[in-house]
Amino acid sequence: MIKGGVPLHGEVTISGSKNAVLPIMAATLLTAEPCVIRRVPNLSDVKFMAEILKSLGAQVKLDGDTLQVRAEKIKGVGDYELIRKMRGSVCIMGPLLGRLKKATVSLPGGCIIGARPINLHLKGFEALGAKITVEAGYVRAQAKRLVGSDVFLGGRAGSTVLGTANVMMAAALAEGVTIIESAACEPEVVDVANFLNSMGAKIIGAGSPTITVTGVKELHGAEHEVIPDRIEAATYALAAAATNGKVTLLGARPDHMHAVLDKMRDAGVKVERRGTALTVSRNGRLKPVDITTLPYSGFPTDAQAQMMVLMAVTPGISIITERIFESRFMHVSELARLGADIEIEGPSAIVKGGRPLSGAPVMASDLRASAALVIAGLTAKGATQVNRVYHLDRGYENIDGKLRQLGARIERVEET
Ligand code: EPZ
C-alpha cells in the first residue's frame with residue numbers, strides 16, 4: 001500500500017547485484033573447495049539458487065550477506081521443479097559441464113517478457129564438443145572431453161548475458177583455448193570472470209566483445225565480494241527524480257550506470273557524484289527524452305519500465321523502444337490505471353507525459369514492471385495498492401523498508 005505525493009529524501013545503501021550473484025553462485029560448482037561470497041543480497045532468487053546448489057549436493061550456508069558454498073561431491077542433474085521456477089538457474093549448466101562433463105536441467109520455459117530461448121548457450125556448449133539432447137522437458141549436455149574452440153554468441157538482440165557466463169564457465173575447465181566472439185559486456189559478466197580468475201581460471205577480455213579463456217585442469221576455492229546492483233541503483237535514482245526528491249545512493253558504481261545517468265541528465269535531472277555516492281535531485285523542469293534499450297553499455301532493458309514512469313510524469317512526448325525483449329511493456333496497461341497516457345506501437349511506447357497520476361489497485365507482472373508501479377504509486381495522488389509483490393522480492397532487497405527510510409508512505413500488507 002502506497003500513499004503517494006511525498007518527495008523521497010535521504011540516503012539508501014545499494015545491495016549486491018542479483019544478476020552477478022546468481023551466476024557466481026553457480027560458478028562455485030566448478031571446484032570441490034570452499035568458496036565465500038560477500039555482499040550477497042537477501043532475495044528470493046538467491047534463496048532459490050541456494051536450494052538448487054543443495055539439490056546438486058553442495059553444502060550451502062547463508063549468514064547475513066555472506067554465503068559459504070562447498071561443492072565437494074555433486075551430481076549433474078538439478079531439481080526439475082526448482083530449476084523450472086527460476087530462469088536464471090540455467091547458468092548451472094556451464095559449471096556442471098565443465099566439471100563433470102555432463103549437465104541436465106529442466107528446459108527453462110517462456111517468460112512473460114519474451115520467449116527467451118537458450119539456443120546460444122547450447123551452441124556454445126556444442127562448440128566445446130558437448131552433445132545436446134532435449135527430452136521429457138530436460139536439456140542434457142554431455143561430452144567425453146571439452147576442447148577449447150571459437151564461438152560466436154551474437155543473436156537476435158545482440159549477445160546473451162547468461163549465455164556468455166555459461167560458456168565462459170564451461171570453457172574454464174576445457175582443454176585449450178576458447179575465444180568467445182560477440183560476448184556480452186555487462187558488468188555482471190566481468191564480475192563472474194573476476195571470480196573465476198580468483199579461482200585460478202585464465203580469462204582475459206571480459207567486458208569486451210571478445211573473451212579468451214585458456215582452460216585449466218582444475219579450479220580452487222576463492223573469496224569474492226559481489227558488485228553493487230546497478231539496476232537497483234537506477235531504480236532508486238529514478239524514484240528520486242520522479243517524486244521530485246533528493247536521494248543519495250551509497251555504495252553504488254556510477255561507472256556501471258552511464259547510459260541511465262546520461263539520459264536522466266538529458267531529462268533535466270541533477271546527478272552529483274562523490275566517490276561511490278551518487279546524489280540525484282531535480283534541476284528545474286523535466287524534459288522528455290527518447291530511449292532505446294540495448295546491450296551494455298547501451299540503456300539497460302531492466303531500467304526501461306522505471307524510466308517510463310519518469311517520462312509519464314514529464315510534460316511532453318517521449319518514445320521508449322524496447323529492443324531486447326519482445327513483450328516487455330506489461331506495465332503500460334497498469335500505468336494507464338493510474339492515469340498515464342501511453343500508446344504502444346510495435347517495439348515502441350509513445351508516452352504523452354505530464355498528466356498527474358492518481359492512486360488505484362494495480363497488478364505486478366514481472367520484476368521490473370513491479371518496480372515501475374511502486375515508483376508510479378509514490379508519485380500518484382492518493383493510495384495505490386500494488387499486488388503480487390513477490391515479483392519485487394525476487395530482485396529488490398527490503399524495498400519497502402528502504403523506501404520508508406527515504407520518507408515514503410509505503411506498507412507491506414497481507415493480500416486480501
Ligand atoms: C540477463 O538475462 C538478466 N538476468 C536479465 O535481467 C536481463 O534483462 C538480460 O540479461 C538482458 O540484459 C540475469 O542475469 C539473471 P540474454 P539473460 O540472454 O542472460 C535472446 C532482470 O530483470 N537470447 O542476454 O537471460 C533473449 O531472448 C532480468 O533482472 C536468444 O535468442 O538475457 C533476449 O531477447 C530480466 N538466445 C536477448 O537474447 C539465447 O540463447 C538477451 O537475452 C539467449 C538469449
Side-chain angles (χ1 to χ4, degrees), residues 15-27 41 43-46 48-49 52 83 85-94 107-127 132 134 139 141 151-169 180 182-192 226-227 229-235 256 259-260 293-306 322-328 330-331 347 364-372 391-397:
S15 304
S17 161
K18 167 183 83 79
N19 291 346
V21 79
L22 295 178
I24 284 173
M25 288 173 75
L43 305 171
S44 54
D45 273 11
V46 166
F48 251 115
M49 185 57 102
I52 290 170
I83 292 174
K85 287 205 186 101
M86 183 177 72
R87 293 194 52 78
S89 58
V90 72
C91 61
I92 66 172
M93 275 196 97
L107 201 58
C111 163
I112 201 159
I113 65 176
R116 303 187 73 179
I118 59 166
N119 56 310
L120 296 171
H121 300 232
L122 304 180
K123 177 184 171 191
F125 298 149
E126 278 175 330
I132 307 291
V134 178
V139 56
V151 57
F152 178 79
L153 283 186
R156 185 192 59 78
S159 187
T160 162
V161 177
L162 285 180
T164 301
N166 237 340
V167 175
M168 206 165 58
M169 293 192 274
I180 304 175
S182 185
C185 305
E186 270 69 4
E188 295 77 26
V189 170
V190 177
D191 208 28
V192 175
V226 177
I227 55 173
D229 196 311
R230 63 192 169 101
I231 304 298
E232 184 198 25
T235 302
H256 291 166
V260 174
T293 65
L294 291 166
Y296 190 85
S297 59
F299 192 95
T301 172
D302 296 345
Q304 175 255 99
Q306 303 93 311
E322 173 59 52
R323 287 270 177 242
I324 305 294
F325 292 107
E326 310 90 286
S327 49
R328 201 168 203 179
M330 301 298 287
H331 40 285
S365 54
D366 62 84
L367 171 58
R368 307 304 172 182
S370 35
H391 285 292
L392 277 166
D393 295 335
R394 289 194 40 231
Y396 291 94
E397 182 170 58

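All values below were derived from every heavy atom in this structure, side-chain atoms included, with hydrogens, water molecules and symmetry-related copies excluded. The chain is numbered in sequence order, starting from 1. Counting starts at 1 for both ligands and their atoms, following the listed order.
- For ligand 1, the atoms lying closer than 4.0 Å to a non-hydrogen atom of Lys18 are 21 (C), 29 (O).
- Within the 3.5 Å criterion, the main-chain N or O of Gly94 finds a donor-acceptor partner in the side chain of Asn166.
- Per-residue contacts place Ile118 under 4.0 angstrom from the following atoms of ligand 1 (heavy atoms of the residue considered): 39 (C), 40 (O).
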| Chi angles and distances behind the side chain to side chain contact (heavy atoms under 4.5 Å, CB included) call for Glu397, Asp229 | CA-CA 10 Å; Glu397 182 170 58; Asp229 196 311; over 6 Å; no

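- In this structure Glu188 satisfies the salt bridge (charged side-chain N to carboxylate O under 4.0 Å, His left out) test together with Arg230, sequence neighbours excluded.
- The ligand atoms of ligand 1 that sit less than 4.0 angstrom from a heavy atom of His121 are 40 (O).
- Checking only distances, Arg116 does come within under 3.5 Å of ligand 1, N or O to N or O.
- Among all non-hydrogen protein atoms, the one lying nearest atom 29 (O) of ligand 1 is Arg368 NH2, 2.8 Å.
- Nearest non-hydrogen protein atom to atom 41 (C) of ligand 1 is Ile324 CG2, 3.8 Å.
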| task | Kindly determine whether Arg368 and His331 satisfy side chain to side chain contact (heavy atoms under 4.5 Å, CB included), including the steps that lead there. | result | CA-CA 9 Å; Arg368 307 304 172 182; His331 40 285; over 6 Å; no

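- Within the 3.5 Å criterion, the main-chain N or O of Ile227 finds a donor-acceptor partner in the side chain of Asp191.
- Inter-residue side-chain proximity for Phe48 and Leu43 is flagged as unmet; no heavy-atom pair is nearer than 4.5 Å.
- Within the 4.0 Å heavy-atom criterion, neither part of Asp366 lies near ligand 1.
- Under the 4.0 Å criterion applied to side-chain N and carboxylate O atoms, Arg87 and Asp45 are not assigned as salt-bridge partners.
- Of the N or O atoms in Thr160, one or more lie within a sub-3.5 Å distance of an N or O in ligand 1.
- Among protein heavy atoms, atom 9 (C) of ligand 1 sits closest to Phe325 CZ, 4.0 Å.
- Of the listed options Gly163, Gly154, Gly298, Ser159, Ser159 places a heavy atom closest to atom 38 (O) of ligand 1.
- To the nearest 0.5 Å, atom OG of residue Ser44 and atom CG of residue Asp393 are 6.0 Å apart.
- Side chains of Arg328 and Asp302 form a contact here, defined as non-hydrogen atoms less than 4.5 Å apart.
- With sequence neighbours excluded, the residues forming a side chain to side chain contact (heavy atoms under 4.5 Å, CB included) with Ala183 are Thr164, Ile180, Ile211, listed by chain and number.
- Distance from atom 11 (C) of ligand 1 to its nearest protein heavy atom, with residue and atom name: Thr301 CG2, 4.0 Å.
- Contacts between Arg328 and ligand 1 below 4.0 angstrom, taking non-hydrogen atoms only, involve the side chain exclusively.
- Comparing Val161, Val21, Asn19, Asn119 against atom 16 (P) of ligand 1, the shortest heavy-atom distance belongs to Val161.
- Protein heavy atoms all stay at least 4.0 Å away from atom 20 (C) of ligand 1.
- Annotation: Leu367 places no N or O atom under 3.5 Å from an N or O atom of ligand 1; distance criterion only.
- Taking only nitrogen or oxygen atoms, main chain and side chain alike, Leu120 reaches within less than 3.5 Å of ligand 1.
- Residue Arg156 has at least one N or O atom closer than 3.5 Å to an N or O atom of ligand 1.
- Between Leu162 and ligand 1, a contact under 3.5 Å exists for at least one N or O pair.
- Here is the list of ligand 1 atoms found below 4.0 Å of a heavy atom in Asp302: 5 (C), 6 (O), 7 (C), 8 (O), 21 (C), 22 (O), 28 (C), 29 (O), 35 (C).
- Within the model, atoms OG1 of Thr293 and CZ of Arg323 stand 8.0 Å from one another, a figure rounded to the nearest 0.5 Å.
- Checking only distances, Pro117 does come within under 3.5 Å of ligand 1, N or O to N or O.
- Under the 4.5 Å side-chain criterion, counting only non-hydrogen atoms from C-beta, Asn19 is not in contact with Glu186.
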